[in-house]
There are 2 protein chains.
Amino acid sequence: MVTTPRTRVRNKRGEGAQLRDEIVDAAMALLEDGSPQNVTLRGIARRAGISAPSIYPHFPDLDSILLAVAQRAFGVLEQELGAPNETDPVERLRAICVAYLTFAERRPHQYRVMFGAVWDAGQALERAPAMADELAVLGMGAFEVFRRTLADCVAAGRSTSTDPFGDATALWVGLHGFAQLQVATPLFPWPPGLRDSIIDRMALLR
Amino acid sequence: MVTTPRTRVRNKRGEGAQLRDEIVDAAMALLEDGSPQNVTLRGIARRAGISAPSIYPHFPDLDSILLAVAQRAFGVLEQELGAPNETDPVERLRAICVAYLTFAERRPHQYRVMFGAVWDAGQALERAPAMADELAVLGMGAFEVFRRTLADCVAAGRSTSTDPFGDATALWVGLHGFAQLQVATPLFPWPPGLRDSIIDRMALLR
DNA sequence: GCGCGTAAGTTAACGCCTGTAAGTTCACAG
DNA sequence: CTGTGAACTTACAGGCGTTAACTTACGCGC
């Protein structure tokens, strides 16, 4: 994160691209601490300490900023998923699932940008496929962590899965649904232990 | 659905409440056929054939319209989930799951309003809890269909579930995640048969 | 040291949006 | 047939995304 001085000093010649990162910084910060209705192009500009049109040399529109945010957020997610280093593959898989849910819970708006962008599809509906493509590629890195760890469980004889790819997908679907619904309907009487039962069943742990 | 004449005839005295329904009609129609960026207060008013301020005697703001839309959409969902009348409880449960996914697939923007409202939380972030409350209550009707049918499966000895409520919740989570992710990342190489394996595992069918 | 081209920003302005305030029309009671 | 109030309109304030035109000042060539 780059600190933004109250009165911005103009970047030096040839260093204008620095502002691009500062814009993404500002957007991520805005998404982290709060009200999503402030996540506007002008709001991002205010946070970055620049005027709104100064964004356009770096991004063609708001959606592109959010795509860059999603890109960075997927990187953070992948890193956090890769952090657990339990030697036991099942415990490691559980820790990874917890890390996934924790990410979604602590950064709900970033998570939403990562997995809801195609819905929003701001102005450019025809560009939604391109965004979907980008996001699919980005997500694969994080997904690979699930697939690989589940394969480790199978190799250790701790999962009865015969299709680690398919079952990792099922696990991901379950975790995503859980993360999303808990935010969407927090007043639902969520049964305790649901998280682990989802993990056990999707990963076919025994 | 109420047809909206090109030149609106003013409602009679005491029948002003009819306009409320026409506004919700217009919003639902807008959400069904397309671009979500047209779902604005003014867009709804245009579609309904009235001026934007005419909405305010009936709804305090845009979010309230969307809440009314979600209300009606939950009613439609509940009805569609109740339609399958297979005698075999397992087949009925499968048909219900398919109906759920079909609803989400064919009305993605309505589905999004139903389960994404708390995220958006337009202007009134402090009203999000109230909306979440409303939506939780609304969703219970549809959820009950799952719980009841799963209980039927257990009674018929076709599911090993010992906690129909918890397992119906798990099933719902799985279906929601599947519906949501398929729209969000359509380019992911979705494995065939994923849907049924989610249903089987979450409902503990045998 | 000193122009000066050009990168790095700015201010101004357009059209659309939400939401408010004040005005207009018209059905019906008396 | 006239007044009243519900139903609806026009007009406006402030915010948004985006474009165009303008200003500032860095650093290269001389």
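- Heavy-atom distances to DNA chain D give each of Arg46(A) and Pro53(A) a nearest nucleotide, and the one nearer the 5′ end belongs to Arg46(A).
- Defined by atom type and a distance below 3.5 Å, a donor-acceptor pair is present between the side-chain atoms of Ser64(A) and Asp61(A).
- Considering only side-chain N and O atoms, Ser54(A) lies nowhere under 4.0 angstrom from the phosphate OP1 or OP2 of dA8(C).
- At whole-Å resolution of the value, CD1 in Ile55(B) and P in dC8(D) are 12 Å apart.
- Residues that satisfy the salt bridge (charged side-chain N to carboxylate O under 4.0 Å, His left out) test with Glu105(B), not counting sequence neighbours, are absent from this structure.
- Atom P of nucleotide dG14(D) and atom CZ of Arg42(A) are separated by 15 Å, given to the nearest angstrom.
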task: Carefully, step by step, assess Ile44(A) and Leu62(A) under the rule side-chain contact (heavy atoms from CB on, under 4.5 Å).
output: CA-CA 10 Å; Ile44(A) 293 169; Leu62(A) 180 58; 4.0 Å; yes
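- Residue-to-nucleotide proximity on DNA chain C shows that, of Ile50(A) and Thr40(B), the 5′-proximal contact is made by Ile50(A).
- In this structure, His58(A) atom NE2 and dA7(C) atom P are separated by 13 Å, rounded to whole Å.
- Heavy-atom minimum distance, Ser159(A) versus Ala203(A): OG-O, 2.7 Å.
- Across the protein-nucleic acid pair, Tyr56(A) atom OH and dA13(C) atom C1' stand 14 Å apart, rounded to whole Å.
- Atom CD of Glu22(B) and atom C1' of dC8(D) are 13 Å apart (whole Å).
- Between the side chain of Arg10(A) and the base of dA25(D) there is no donor-acceptor pair of N/O atoms closer than 3.5 Å.
- Of all nucleotides listed (dC8(D), dT11(C), dA8(C)), dT11(C) comes nearest to the side chain of Ser51(A).
- Atom CZ of Arg20(A) and atom P of dA7(C) are 19 Å apart (whole Å).
- Here Asn11(A) does not reach the OP1 or OP2 of dA7(C): none of its side-chain N or O atoms lies under 4.0 Å away.
- Residue pairs meeting the salt bridge (charged side-chain N to carboxylate O under 4.0 Å, His left out) criterion with at least one partner in residues 161-188 of chain B, sequence neighbours excluded, are Arg201(A)-Asp167(B).
- Look at CD1 on Ile23(A): it is 12 Å from P on dA8(C), rounded to the nearest Å.
- Distance, Phe59(A) CZ to dG17(D) C1': 16 Å, rounded to whole Å.
- For Leu41(A), taking side-chain heavy atoms from C-beta onward, the closest of the listed nucleotides dG19(C), dG17(D), dG9(C) is dG17(D).
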